[in-house]
Amino acid sequence: MTIYLDHAATAPINEAAITALNTQMRKLGNASSIHNPGRSVRKDVEDARHKLSELIGANPSEIIFTGSGTEANNLAIKGFFWQHPDRNVIVTSAFEHHAILDPVEWLVEHEGAEQVLIPITKSGVIDLDFLAKVVATRGKEIAVISIMHSNNELGSIQPIAEIVKIAGDIPVHTDAVQSFGKVEFNFSKLEVTAATISAHKIGGPLGVAALVLKRGLDLTPVLHGGGQEREIRSGTLNAPSIVAFTAAAEYAIANMASNFAKIRELRDYFVVGLKNCVPDVSINSVADPALPGIVNATFPGTESDALLLLLDTEGISASAGSACSAGVPRPSHVLVALGLSESDADASLRISIGTTNTKSEIDQVLAVMPSVVERARNAFVVSELS
Amino acid sequence: MKLIAAMSGGVDSAVAAARAVEAGHEVIGVHLALSSNPQKYRSGARGCCTIEDSHDARRAADVIGIPFYIWDMAEEFHDGVVENFLSEYSEGRTPNPCLRCNEKIKFAAVLDRAKGLGFDGVITGHYAQMRETEVGRMMFRAIDPTKDQSYVLAVLNTEQLAGAHFPLGDTIKDDIRIEAKRRGLYVANKPDSHDICFVPSGDNAGWLRDRLGSEVGSIVDEDGTKLGEHKGAYTYTIGQRRGLGINVPSAGGEPRYVLKIEPKTNTVVVGSHEALAVSKIVGDRPIWCGPKPTANTEFRGFAQVRAHGSPLACTYMQTETEIKVVLDEPLFGLAAGQGLVIYDGDRVVGSATVASTE
């Protein structure tokens, strides 16, 4: 038995995507070739691009397919930075995904960039006053502002429209990997300069994502080669995955409202149940506006890796913070940015509920939670004593 | 039983985990991250602290088909092993960090955590044998004398040993490699780890000098006559002959050996080989791996003072706070801080830390 409660890490692929992938993989042709098979695959890719652009409120030419959300984020951060040699400041929030924070840190170390981190308020959104001050005082130095659309550990949706207003003519990028397909996300309405979306979080295949980039803007490429994707992202187009990405997006967006309601109901049911069975739990994930299925909770007196191990042995998949390259668990920087102590951050779990979960699964999780927490506490007490 | 397999990423712990699974236990693989910065303690694939090693351990767990996790024991390792190693050296003793790691990390922090989580014990790839006997569970040497690790496990008390499982003690190392290959474990040919895992270069003296400084001190003979200078007394080992840098020849032209290290005065005392002779050893902090011998009663047995040293016939006696050993034949060169392990034939009786010698 597996109860999968880690949908924010990756979601089960849906049938629409599998069918699209399966069909397209049988088609021969490189979308850049001029011959008939090439043209045919090119048409499939462009159809998919067109459809996806409609789903996201963008123009087809604004979609640049990449191999991952991480790649799209790198392209945005490095691309805007390199595009503006006279501006060396990059503004992000303290609780961005590592796929934003790490390229910024790399530019700081190697390319003379300066990073400005916007702090997080207690309600899990960025401090707009702080951002306004940074823009007012250093606006001319800022190459790009990158703030995620919703936080992957807390679920909180960020005030992107206000950020865009504050930014004025400074490019604004938003990592919308967690939001796209789950909550309203419209590229042109938000008026951001660029956004990252990814397939595998919404029932599409792994290994395909996109940077949505305003028409007419140039970005210094990270990958050079065949000049595909407006010469911004070279590399043979991954036609099967692109087509499946759009199929998954269509499916997710067509069912967005009902999925949201279903997942939100399960989440609320889980939170109420959790507070009953583990009375001293504290919930870090925030109220609306938020993603439907994210619960982040601190279990005082435990360590998250012990909780995860015990849940795993019960067949329950959840997650916590992130791990370093050797796999060593680290306290979540998101929770630390929210103001939690390192030990509380280290005692926290993220449960992300998805469309495939059921109430009976939540009941099964709640049934084992008290014993899991108790054993994790036993392990913590002994290891502290030794 | 529900067991945690401590998996270093090497061949031994991988086969140990596989054997435990085959024996019907419910096994979970755990790799211990012993450095907060995995590249800090060791680079290359020789030790047990690298990213490659954690990947190797994970891969082995996948092949065996068991869940795998990484436990962060960096703080415990630093405080319990590395700091202790430094403080022991700075006080003129010669510690064995592997003994310390087994005592404080693998069969303490890890075993305690395992028990708290509801597991029954810890499996490692150490070469030693646990046997049930009429008087309880006891530890014996491994059958492969070249790989026997009972010496570094002799710091475990009966309670710790009750939760310790060493599935490899009945097999020689060559056969473990063959078995690993048969099981599809690609670590089968991975070289054995040597040296001290947190000293990246293998240059023990340099590592100590970087941390304890290299204050110049005197090298003197037994009468106190200054013969030369050194850069940090703790970089010398009792019994060391080479690298003393003394230009004054001894009266009879015999080579000189390090006899004593005096950290307070930063002095290294040298003298003749005969002066290194030790016939009596007193060890403190006694630990019993099985039934405690009757106090203040002499027993015959063997003493071993190095991981791969020879067992030395002796008479020993315990006084509750100490183990006193009288060797049949003297040994040459023994430093305070070394582990003193007592054997009864192949059975490990217990251990102590060398406190003084005569």
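Per chain, numbering begins at 1; letters A, B, ... match sequence-line order.
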Proximity breakdown for B/Phe68 and chain A, heavy-atom pairs closer than 4.5 Å: neither
Residue part contacting chain A, namely of B/Leu111, when any heavy atom lies under 4.5 Å: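 Neither part.
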Worked verdict on A/Asp312 versus B/Tyr69 for side-chain contact (heavy atoms from CB on, under 4.5 Å): CA-CA 10 Å; A/Asp312 199 13; B/Tyr69 309 93; 2.5 Å; yes
Heavy-atom pair with the smallest gap, counting every atom of A/Ala379 and B/Arg113: CB-O, 3.6 Å
In this structure, are over 12 heavy atoms from other groups packed under 6.0 Å from [X] atom [atom1]?
X        : atom1 : value
B/Glu91  : CD    : yes
A/Lys275 : NZ    : no
B/Arg183 : CZ    : yes
B/Glu83  : CD    : yes

Atom pair CG/CG of A/Leu309 and B/Leu117 - distance to nearest 0.5 Å: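 It comes to 6.0 Å.
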Intermediate values then yes/no, side-chain contact (heavy atoms from CB on, under 4.5 Å), B/Asp72 and A/Arg330: CA-CA 9 Å; B/Asp72 183 0; A/Arg330 294 271 171 261; 3.7 Å; yes
